[in-house]
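Structure record follows, encoded as structure tokens.
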There are 2 protein chains.
Amino acid sequence: MSKGPKVFLVGAGPGDPELLTIKAQRILGQADVVVYDRLVSPEILAMVAPGTARINVGKQPNSHPFPQPEINDLLVKLAQSGRRNIVRLKGGDPFTFGRGSEEAQVLAAHGIEVEVVPGITAASGCAAALGIPLTHRGLATGVRYLTGHCRDDADLELDWDGLADPDTTLVIYMGKANIAQIAAEIMVRGLAPSMPVAAINSGTTERQSHLFSTLGDIADDIRKAGLEGPVLFVIGRVVTLAAGYYQRREEANVVQALHQAGLA
Amino acid sequence: MSKGPKVFLVGAGPGDPELLTIKAQRILGQADVVVYDRLVSPEILAMVAPGTARINVGKQPNSHPFPQPEINDLLVKLAQSGRRNIVRLKGGDPFTFGRGSEEAQVLAAHGIEVEVVPGITAASGCAAALGIPLTHRGLATGVRYLTGHCRDDADLELDWDGLADPDTTLVIYMGKANIAQIAAEIMVRGLAPSMPVAAINSGTTERQSHLFSTLGDIADDIRKAGLEGPVLFVIGRVVTLAAGYYQRREEANVVQALHQAGLA
């Protein structure tokens, strides 16, 4: 144990409590206080010891989340208050979106020790849950994670040309509000409307729901489906490998063409 | 428990045994046989129960790894041999590189039940270990994972134009042999020679070693350092946030320019 206070930025993984790491479980068990947000599932919060203080920064009384600077200040104050083991529990992996790095920088600037405990990303968790590999020889040589949500609701400014690469799987976090624009921009730059898409909500939990679609249809399909809460999108040929993909898509013949071309 | 045999494709994470998931630990404890490869660390193999059969497909007597079709056949035969719980343990995440998806497809084609247990990627593990966020507001809007190694040692064919994006962190798996070419191709397309690079070997284990460099110097630096075994590269402005980056780089003034420009 360290002598001074320490803040652990801990990845809670995609939702299933069994997908926490052994290390995350150990550190949660030693925590004096746990600061968590809305992406941490109720099943995971149930793993925190009953006597441990918990602070929900995902929702204020007016149902807005706490602004990031207030969360940063809170972590600094907790470390300066005499508590030894402060856990900042974040959905997924702390260093893949989620602003864990901003918290780490502020804490380090105050001379507070920080340790990052990586977590299973929503991408890996959802991919495993649906049977969609993020890479697969002949279908995807790599994978790209991006966010479909902008700071302060500004316009999306993404490298659209670079995104329109049929050999790279795209995983889009927080893209529900902008999926119509995203799909349109990358189709204009050459990705086929038949390119498969999966959309997943609450992946790896008992509340998991998903749908299969294509770039051309996803905006309509997501609106009709009315998925609640954050949605993760996976765009790419690898989606055809999901169990149930063919049963769920009427456009199976389009995808079969991929297979006939030796691409699946 | 299922009635028939089942193959679990289990992510072993980046190396530290505490970075296995709780689920992976449980499934390893129930395994009849564990098939593993060279990316699984000795510390993790020590977690397998003493009486459990283990098969190393990472190295044949001639010190070549087993060809993938032989591994596929082995998994099918183990499932057909009357064993109930077959664990295929793979470094990192089974569906991010590592050919887990090919194994899943072959098993499914034989009617054998498959369950994928996601793992912490080498990228997330190494990022946490070095204090490098994969995304950070103002420095990287997304992250891209790719492999720097080709099938059958063919020429690298990557979307070089798309890769030369200063707003996206690049994580390159298995890139040691080709890092000179990779760096040259993306510099020709506009990424600055001063762009920071981290190279990590055996990340999250006691054998972890790393170096900090830049795109312009990485090929020379990696050759001089003589890192053994697989090396993971992280390329992008986020590398400047690593603890120790400035102490390790003589070109600190170049990076300071990034900070002065408000980019870090």
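Any value given below was found using the heavy atoms of this structure, including those in side chains, with hydrogens, waters and symmetry copies removed. Convention: sequence-line order gives letters A, B, ...; per-chain numbering from 1.
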So which part of [X] gets closer than 4.5 Å to some heavy atom of chain B, the side chain, the backbone, both or neither?
{"X": "A/P14", "answer": "neither"}
{"X": "A/D161", "answer": "neither"}
{"X": "A/E115", "answer": "neither"}

B/M47/A/I22 under side chain to side chain contact (heavy atoms under 4.5 Å, CB included): CA gap, chis, key distance, verdict: CA-CA 12 Å; B/M47 295 173 70; A/I22 299 166; 3.7 Å; yes
Region of [X] in contact with chain A, defined by heavy-atom distances below 4.5 Å:
{"X": "B/T168", "answer": "side chain"}
{"X": "B/P94", "answer": "neither"}
{"X": "B/Q25", "answer": "side chain"}
{"X": "B/L163", "answer": "neither"}
{"X": "B/T204", "answer": "neither"}

Mind ranking [options] by heavy-atom pairs under 4.5 Å with chain B and telling me who comes out on top?
{"options": "A/L170, A/T135, A/T169, A/V116", "value": "A/T135"}
{"options": "A/P17, A/G100, A/P133, A/G142", "value": "A/P133"}
{"options": "A/G13, A/G98, A/A128, A/G119", "value": "A/A128"}
{"options": "A/V143, A/L134, A/L146", "value": "A/V143"}

Gap separating the OG1 atom of B/T141 from the OH atom of A/Y145, nearest 0.5 angstrom: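 Rounded to the nearest 0.5 Å, the OG1-OH separation comes out at 15.0 Å.
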Separation between CZ of A/R137 and CD of B/E102, rounded to the nearest 0.5 Å: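 Interatomic distance, A/R137 CZ to B/E102 CD, rounded to 0.5 Å: 6.0 Å.
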Shortest non-hydrogen separation from A/D93 to B/S124 and the atoms involved: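 Minimum heavy-atom separation between A/D93 and B/S124: OD2-OG, 3.2 Å.
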Minimum heavy-atom distance between B/G125 and A/P118, given as atom pair plus value: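 Smallest heavy-atom distance, with atoms named: CA-CG, 4.1 Å.
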Partner chain A: residue of B/T147, B/V238, B/I132, B/V114 with the largest heavy-atom pair count (under 4.5 Å):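 Ranked by contacts with chain A, first place is B/I132.
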Short N-O contact, A/R144 and B/D165, less than 4.0 angstrom: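 Here A/R144 pairs with B/D165 in a salt bridge, since their nearest N and O are under 4.0 Å apart.
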A/L19 backbone acceptor or donor facing B/T21 side chain under 3.5 Å: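 Flag not set: sc B/T21 to bb A/L19 has no pair under 3.5 Å.
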